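One is the number of the first residue; the rest follow in order along the sequence. These numbers come from a predicted model, not from an experiment.
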Amino acid sequence: IARDIARSHGGDITLGDSPAGPDIAPTPEIPPTPAPPAADVVLQRVAAAESAVQSGQLQAMLTNRDGSNSSAEMLFNLGEQQSISSFHITTKYTTSSGVTTLDQIVIKDTAWERRDGGEWNRVPVQEGAWGQIRAFMPQAGSVNTPVAANEGATELRWYDADRDSDCVLAVDAATGVPKELRRVARSSGSTLVVTYGGWNSTVDIQPPATP
């Protein structure tokens, strides 16, 4: 019977053989997706990044409930020691009376300042670069019980009891380098937003042109 079937199909079928099936590629192994870092791990990275920062720039805006605000733009270079640090900060105060601008440059142990675009004047050094930027930093080393606001832990939230403020920090979770800090005071309702850039980039601060 089998030979009769083979003859009816042109005699091309050999007894004992079967047509080869299609080649089936093996299913590739999919590596497991790494779990996102915990909030406290990312916070430790932020603290390490703060400790290692040497130079950069930041922009800060403080807005009050009455509509008044102040802003600061700052370039800084901490140098190898704070005694040879330098910074250039421009601060603007906006009230109902108008806008006041203050420029300050400090290089090593020499300082200059000017108001509202006037002439530069030598002034005593009041504070080094780290003293200036510290207030604008997350200060992650003193933060307790941070909470990851998203799955990748690229946004952290916490309550700052010393300032009675709610804080939100956007951060590079892998490196700990901060991107933006938002701090809202519960009592006054004032909001401070700090944006960080050029972390550890080259910063060259020159003395002002004076007559």
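- Looking at every heavy atom in both residues, Val177 comes nearest to Val171 through O-CG2, 3.4 Å.
- Judged by distance alone, the side chain of Arg65 and the main-chain N or O of Ser188 form a donor-acceptor pair under 3.5 Å.
- Inter-residue side-chain proximity for Tyr159 and Thr145 is flagged as unmet; no heavy-atom pair is nearer than 4.5 Å.
- Across every non-hydrogen atom of Pro124 and Ala111, the tightest pair is O-CB, 4.1 Å.
- Nearest heavy-atom pair across Thr94 and Val99 is OG1-CG2, 3.7 Å.
- In the hydrophobic clustering of ILVMFWY residues, with side-chain heavy atoms under 4.5 Å counting as a link, Val184 and Val194 come out apart.
- In this structure, the side chain of Gln139 engages the main chain of Arg134 through a donor-acceptor pair within 3.5 Å.
- What you find for Ser85 and Ala129 is that their closest heavy atoms are OG-N, 3.5 Å.
- Side-chain contact check for Gln206 and Asp204: at least one donor-acceptor pair (N or O, by modelled atom type) lies under 3.5 Å.
- When each of His88, Lys92, Glu73, Glu113 is checked for a side-chain contact (heavy atoms from CB on, under 4.5 Å) with Asp103, only His88 meets the rule.
- Going from atom CD of Glu127 over to atom CD1 of Ile89 covers 9.5 Å, rounded to the nearest 0.5 Å.
- A single hydrophobic cluster is not seen to contain both Val46 and Val168; linkage of ILVMFWY side chains at heavy-atom distances under 4.5 Å, directly or through other members, places them apart.
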Q. Would Leu58 and Thr195 count as a side-chain contact (heavy atoms from CB on, under 4.5 Å) if you check the C-alpha gap in whole Å, the side-chain angles of each, and the deciding distance to 0.1 Å?
A. CA-CA 6 Å; Leu58 60 84; Thr195 304; over 6 Å; no
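- Contact annotation: the side chain of Val203 never approaches that of Gln57 to less than 4.5 Å [non-hydrogen atoms, C-beta and beyond].
- The same ILVMFWY cluster, assembled from side-chain heavy atoms under 4.5 Å apart, contains both Phe87 and Val125.
- Rounding to the nearest 0.5 angstrom, the gap separating the CG atom in Leu192 from the OG atom in Ser165 is 9.0 Å.
- Using a 4.5 Å heavy-atom cutoff, the side chains of Arg114 and Glu119 are not in contact.
- Between the side chains of Asn69 and Tyr93, no donor N or O sits under 3.5 Å from an acceptor N or O.
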(Q) Determine whether Arg186 and Asp166 satisfy the following criterion, salt bridge (charged side-chain N to carboxylate O under 4.0 Å, His left out), listing intermediate values before the conclusion. (A) CA-CA 7 Å; Arg186 292 185 177 183; Asp166 296 300; 2.8 Å; yes
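- Closest approach of Leu181 and Met137 over heavy atoms only: CD2-O, 4.1 Å.
- Panel note: side chain Asn150, backbone Ala153; a donor-acceptor pair is recorded below 3.5 Å.
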Q: Go through the steps to decide whether Glu155 and Arg157 satisfy the test side-chain contact (heavy atoms from CB on, under 4.5 Å), and finish with yes or no.
A: CA-CA 7 Å; Glu155 187 175 281; Arg157 300 175 182 269; 3.1 Å; yes
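- Side chains of Trp199 and Ser55 form no contact here, defined as non-hydrogen atoms less than 4.5 Å apart.
- Once rounded to the nearest 0.5 Å, the distance linking OG of Ser96 with CG of Asp66 reads 8.5 Å.
- Summarising the geometry of Ser86 relative to Ile107, their closest heavy-atom pair is CB-CA, 3.9 Å, with the distance given to 0.1 Å.
- Here the side chains of Ile133 and Met74 are in contact, with some heavy-atom distance below 4.5 Å.
- By the 4.5 Å heavy-atom criterion applied to side chains, Glu50 and Pro138 are counted as neighbours.
- Rounding to the nearest 0.5 Å places OH of Tyr196 at 14.5 Å from CG of Asp172.
- When side chains are defined from C-beta on, Thr100 does not count as touching Leu102, because their heavy atoms never get closer than 4.5 Å.
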Q) Yes or no on side-chain contact (heavy atoms from CB on, under 4.5 Å) for Thr110 and Arg122, after CA distance, side-chain angles and deciding distance? A) CA-CA 8 Å; Thr110 307; Arg122 289 277 297 270; 3.3 Å; yes
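- Atom CD in Gln54 sits 10.0 Å away from atom CH2 in Trp130 (nearest 0.5 Å).
- Using modelled atom types, one side-chain atom of Ser51 and one backbone atom of Ala47 make a donor-acceptor pair closer than 3.5 Å.
- Without hydrogens or angle criteria, Thr154 side chain to Gly152 main chain gives no donor-acceptor distance under 3.5 Å.
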Q. How far apart are the C-alpha atoms of Val53 and Phe76, what are their side-chain angles, what is the distance that settles it, and do they pass the side-chain contact (heavy atoms from CB on, under 4.5 Å) test?
A. CA-CA 10 Å; Val53 68; Phe76 64 91; 4.0 Å; yes
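- Leu62 is listed as a side-chain neighbour of Ser190, based on a closest heavy-atom distance under 4.5 Å.
- Expressed to the nearest 0.5 Å, how far CG of Asp160 lies from SG of Cys167 amounts to 5.0 Å.
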